Amino acid sequence: MTQLGTLEELPQDYRDAMDAAGVAPLWPMMRNVLPHGAPKPVTRSGYWSYQAVRPLLLRAGELTPVEKAERRVLVLSDPGRGVGAMQATASLYLGLQLLLPGETAPAHVHTPSATRIIVEGKGGYTVVDGEKLPMEDGDLVLTPGGDWHDHGHEGAEPVVWLDVLDLPLFYYLEGSYAKEGPLQAQRNRPDASMVEYRAAGLVPSRSRAAARRYPMTRFPWVRTEEALREIAKYGDGGVAEVDYVNPETGEDVLPVMGFTAMMLAKGQADHPPLRSSSAAFHVVKGRGRSRIDGRVIEWGPKDTFTAAPFAEIDHEADEESFLVRAHDRPLQDKLGYYEERSR
Ligand code: GTQ
């Protein structure tokens, strides 16, 4: 590899003149912007114990009324960027959101897409473009960019969910903004997962043009778990993993973010290929450990952890475990650089 020239090798008067002209030499920065062989992520693997964050979240419920927060969220910051970073990886934002009984989080719409993985509590719901989506443990609920959404809570205990947004990308693109509006009227019917998309392989007969861009915005966990169990039962002994897809197109559910659910049997290990995508793992239930780029993370129910692009990842379950994996492969596919490397 050729050794490139450094800034220090250049005469001071030349450096000052470049400064004054608003230009800089590429060659001292060349390997920073185009490292050889693989990216050099800023992102470092993060781990958030739910047990540790939960009391802080409940305290936020006492300290900050929802009216003062719009969204009462504690953000999971990438250790590589430091606490306060509004991102967990280059493309994924993670936050734990609390809604107390009787509260509503006001309606708004924004350019980034949001998704929720429900962590605890009964009676919570999100309204997306007038469709009321009940939130139950492990459900995946989508709020695609550009869709109005508000949250409500009809139950008796605190409701908590994990927000996964593609906010960092929109922020980087200087495309992130929101609008506020009144709470939405709710259509008096069950959500599309209970009506149009009740059974896998069946969609309503109608012209494709009539299908909504995001036809199914709630993926009930009970069905995901059932699917994983059957796949595991009749599979080849590998880890059972399913992709969440748009039932009308079979494609990823959102433009930037993708989601999978995994089941690891007691004692089962998983050694996925190195992937160019970054990932966030949320433990729906179970216990085990993951080695991510040499760091060993001991995880339990409702914990969350992350992996940078091309991280070496090994999972091992101490008991039957279910993980949801959020990733940014859909974006990388569109940009044409998604890649997997065998180990
Ligand atoms: O629930 O709409 O964690 O707009 C960050 C921004 C949640 C939401 C977040 C948001 C939301």
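Here the structure is a predicted model, which is why all the values come from computation and not from measurement. Every heavy atom of this structure was used, including side-chain atoms; hydrogens, water molecules and symmetry mates were not. First listed ligand is number 1; within each ligand, the first listed atom is number 1.
Of all non-hydrogen atoms in F310 and S276, the two that sit nearest each other are CZ-CB, 3.6 Å.
Of the protein's non-hydrogen atoms, the one nearest atom 5 (C) of ligand 1 is Y93 OH, 3.4 Å. Closest protein heavy atom to atom 11 (C) of ligand 1: R71 CG, 3.7 Å. Nearest protein heavy-atom neighbour of atom 6 (C) of ligand 1: L165 CD2, 3.9 Å.
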For this session: Evaluate salt bridge (Lys or Arg N to Asp or Glu O under 4.0 Å) for D137 paired with K302, printing each intermediate quantity in order.
Result: CA-CA 10 Å; D137 264 22; K302 306 179 187 298; 3.5 Å; yes

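Heavy atoms of H151 approach ligand 1 to within less than 4.0 angstrom.
Interface of H108 with ligand 1, defined as ligand atoms under 4.0 Å from a residue heavy atom, comprises 2 (O), 4 (O), 8 (C). Residue H110 approaches ligand 1 through these ligand atoms, each under 4.0 Å from one of its heavy atoms: 2 (O), 4 (O), 10 (C). Shown in contact with V73 at under 4.0 Å from a heavy atom are these atoms of ligand 1, numbered in order with element: 3 (O).
Using cut-offs of 30° and 60° for the angle between ring planes, the H149 and H108 rings count as perpendicular.
A donor-acceptor pair under 3.5 Å links the side-chain atoms of T111 to the main chain of Y177, judged by distance alone.
With a heavy-atom cut-off of 4.0 Å, R116 touches ligand 1 through its side chain alone.
Residue F281 forms a ring pair (Phe, Tyr, Trp, His ring centres under 6.0 Å) with just one option from F322, F305, F259, and that option is F305. Each of Q184, R187, R212 was compared with E131 under the side chain to side chain donor-acceptor pair (under 3.5 Å) criterion, and only R212 meets it.
Checked for salt-bridge contact, E339 and R341 meet the test: a charged N lies under 4.0 Å from a carboxylate O.
Evaluated by nearest non-hydrogen atom to atom 9 (C) of ligand 1, the leading choice among L76, D163, L167 is D163.
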